[in-house]
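On a predicted model such as this, the values are computed, not experimentally measured, just so you know. Side-chain atoms are counted along with the backbone in the values below, which use heavy atoms only and exclude waters and symmetry mates. Just so we're on the same page: letters track the sequence lines, and every chain starts at 1.
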2 protein chains.
Amino acid sequence: MTDTRVTVREVARAAGVSVATVSRVINHNGRFSAQTEARVRDAIERLHYQPNQLARGLRQQRAEAVGVIVPNISNEFFSRMIVTLQAGLFAAGLSIVIYNTNHDPDMERQCHASLAAQRVSGIVSANSLEDVRVAVRRDVPTLYIDREVPEGGLGPNVSSVMSDNVASGRLAAQELARCGCARPMVLTATAGFPVTEVRTRSFAQELARLGVSLDEKRVIHPPATDFPSGHDAVTAALDAGLDFDGVFAQTDRLAMGALEALRERGVRVPQDVAVVGHDDILLARFSRPPLTTIAQDPERIGSLAAQIMLQMVAGELEQGRHELVPVRLVRRESTMRGQNVA
Amino acid sequence: MTDTRVTVREVARAAGVSVATVSRVINHNGRFSAQTEARVRDAIERLHYQPNQLARGLRQQRAEAVGVIVPNISNEFFSRMIVTLQAGLFAAGLSIVIYNTNHDPDMERQCHASLAAQRVSGIVSANSLEDVRVAVRRDVPTLYIDREVPEGGLGPNVSSVMSDNVASGRLAAQELARCGCARPMVLTATAGFPVTEVRTRSFAQELARLGVSLDEKRVIHPPATDFPSGHDAVTAALDAGLDFDGVFAQTDRLAMGALEALRERGVRVPQDVAVVGHDDILLARFSRPPLTTIAQDPERIGSLAAQIMLQMVAGELEQGRHELVPVRLVRRESTMRGQNVA
DNA sequence: TTGAAAGCGCTAACAA
DNA sequence: TTGTTAGCGCTTTCAA
């Protein structure tokens, strides 16, 4: 069993060298003879020595850990992303410290304070509300997930990884157009959410290119992005007599709420209304009907994030990296109309 | 902006006191006049002082952090549990460091080594394969989730929290019996998984009490607990001509795979076969037909875990606490036969 | 190639 | 009530 008590001192004594030499061997620093190294490694092995990360961190002025801030880790997108992020960082000896903010700005401030106090080597911030300008003043490498970040002038300590949201909007537009939709509706997030606004814009643009116009009154901002919000928004739209024959819902949960509302009112999907979701969560293939959706790749995002974070921590980046991860359309029954069931 | 550079020294100087006094005020330790306290707090405020957790941890011989080891955080049960666990610990100033092991014993060893090196204050281990006897020798408080732990004699540093698995088995048995099932089948985990074995045993016992017997040949151990395993196991059972009229699947994913296999073969649920799942994941209400299942309460488990961990860390426990969290039957269409659609 | 020693920022024992 | 100081375990000059 790893004995918590052993220190460099013990190892040094056991190996018959100084603590400095032990440290050199551990960190591959400076020079030492092969013989010395062997003796030290042997002592480490025998004593089950575990370098104290607290002491090392104090000395180096930073912990071998990265902070991860997400709205809610039980969101499938984030939890899947974190799996690969964690694996990638762990392989390089970095641990991850996780916080959920539930989009609460105050909680977010507390998390950042806690991470500062822990002197983490970097911060991965997903979909945070925090002001980027504030972050830039910090000197700790920060990587934003799913977040529009001004590319230039932020220096080497700010990077970002996100899905190709322009492609998302475009693919959704193409799919609904292919279904022959003439009056498409959008269920998006609360107004002002950059990522979803990009998608909506791109959606409208591509529709226009295809000769379909997106009417402002059919762009709906539900209070949240969950199932009930989708359900209620569509129910309200039907009640208000809003006329639509296609839906682009910016989360699958919104889409599934929409499907339920439509079914309740006897509106047929895809015959009367075609529906495209976004994310491709596990649920999507089980909805009634199974949901066509724009799949994100959270695993890819996580491993890319790990890679970039490691580069930033190592000081290898002259400039922040800003990466777009491809999305793809997953066609299921909710858009299977005659013309595209090839 | 939190300035990373400020130390107790600066604060002490600014407040016109010694570093010891600053430390006392911060930690509510020892005595100090109200006036001194005010001056110190003021200085802390003005300088945006953030105590260095690395230094504090080194001095105290332990970090203000708890390690969390799970098979895979993208498993809904764990991610939901972690949300409340994290919140509960954060409120007490503890961060959580997370690892995924994917049930790999070697990875698990590495994680424990890493946590030891970080001198975490405690470890929450979910469904781990690690030997408890090994853990007992460690002096760090360890809390097992979903894990049978011998209650006595482990001392104050080992606790456990899990669902009431005996109740799970009983409820499933009652539900299938109520459906009139005479030849129930069980889809469980790989043999030797303690938690699921408890459920199976309790299931069989309650069935017996109700006059139904569980035939060994209808207890099936699929290779994994996911959708394909459930699908393949049921398909194989049908192919083998196994006769059954009810299924207790020990995860909802297994259950959903079973539903799909049954549908493919034209077996009607619930008319021909009634199905009960376990966990109540988000998906369960969307299956075809919607799945009756035994709901676990991961949020409750997480917050209880936080509470117990805090007690252990504070040294308030004479004995480890071993808590059972209630489960409940959520009845949906997969068991709605005439006799119990009340 | 190796060792001695300073010091990272903090807390706590001891003195005053 | 407050201050002085040792030392947690490590890395890294500086000297040898």
Engineer: Kindly compute the distance separating OG (Ser159(B)) from CE (Met312(B)), expressed to the nearest 0.5 Å.
Structural biologist: 4.0 Å
Engineer: In Å and rounded to the nearest 0.5 Å, what is the CG to CD1 distance from Leu85(B) to Ile98(B)?
Structural biologist: 8.0 Å
Engineer: Rounded to whole Å, how long is the line connecting atom CZ of Arg13(A) with atom P of dT2(C)?
Structural biologist: 20 Å
Engineer: Does some side-chain heavy atom of Asn75(A) sit less than 4.5 Å from a side-chain heavy atom of Val70(A)?
Structural biologist: no
Engineer: Starting from C1' on dC8(D), measure out to CD on Glu10(A) and report it in whole angstrom.
Structural biologist: 13 Å
Engineer: Using the test side chain to side chain donor-acceptor pair (under 3.5 Å), find all partners of Ser160(A) that sit at least two apart in sequence or belong to another chain.
Structural biologist: His322(A)
Engineer: Quick one: Leu54(B) CG to dG9(C) P, roughly how many Å, whole number?
Structural biologist: 11 Å
Engineer: The helix from dT1(C)-dA16(D) to dA16(C)-dT1(D): angle between its terminal axes, five pairs each, to 10°?
Structural biologist: 40°
Engineer: Sequence neighbours left out, what passes side chain to side chain donor-acceptor pair (under 3.5 Å) with Ser163(B)? Give chain and number order.
Structural biologist: Gln296(B)
Engineer: Send over the distance from Gln61(B) CD to dA6(D) P, rounded to a whole Å.
Structural biologist: 19 Å
Engineer: Determine which pairs satisfy salt bridge (Lys or Arg N to Asp or Glu O under 4.0 Å) with at least one residue from residues 66-83 of chain B, sequence neighbours left out, and list them in order.
Structural biologist: Glu76(B)-Arg80(B), Arg80(B)-Glu299(B)
Engineer: Nearest whole Å is fine: how far is dG3(D) C1' from Arg39(B) CZ?
Structural biologist: 14 Å
Engineer: From the options Asn52(B), Leu47(B), Ile44(B), select the one residue that forms a side chain to side chain contact (heavy atoms under 4.5 Å, CB included) with Val6(B).
Structural biologist: Leu47(B)
Engineer: Let me know the distance between CZ of Arg31(B) and P of dC14(C), rounded to the nearest Å.
Structural biologist: 18 Å
Engineer: Can you give one letter per nucleotide of nucleotides 10-16 of chain D, going 5' to 3': B for a protein heavy atom under 4.0 Å from the base, S for sugar-phosphate only, - for none?
Structural biologist: BBBB---
Engineer: State which residues pass salt bridge (Lys or Arg N to Asp or Glu O under 4.0 Å) with Arg300(A); sequence neighbours excluded, sorted by chain then number.
Structural biologist: none
Engineer: Would you tell me whether Ser114(A) and Gln118(A) have side-chain atoms, one donor and one acceptor, within less than 3.5 Å of each other?
Structural biologist: yes
Engineer: Does a nitrogen or oxygen in the side chain of Thr36(A) sit under 4.0 Å from OP1 or OP2 of dT2(C)?
Structural biologist: yes
Engineer: By nearest heavy atom, map Val17(B) and Leu58(B) onto DNA chain D; which one lands nearer the 5' end?
Structural biologist: Val17(B)
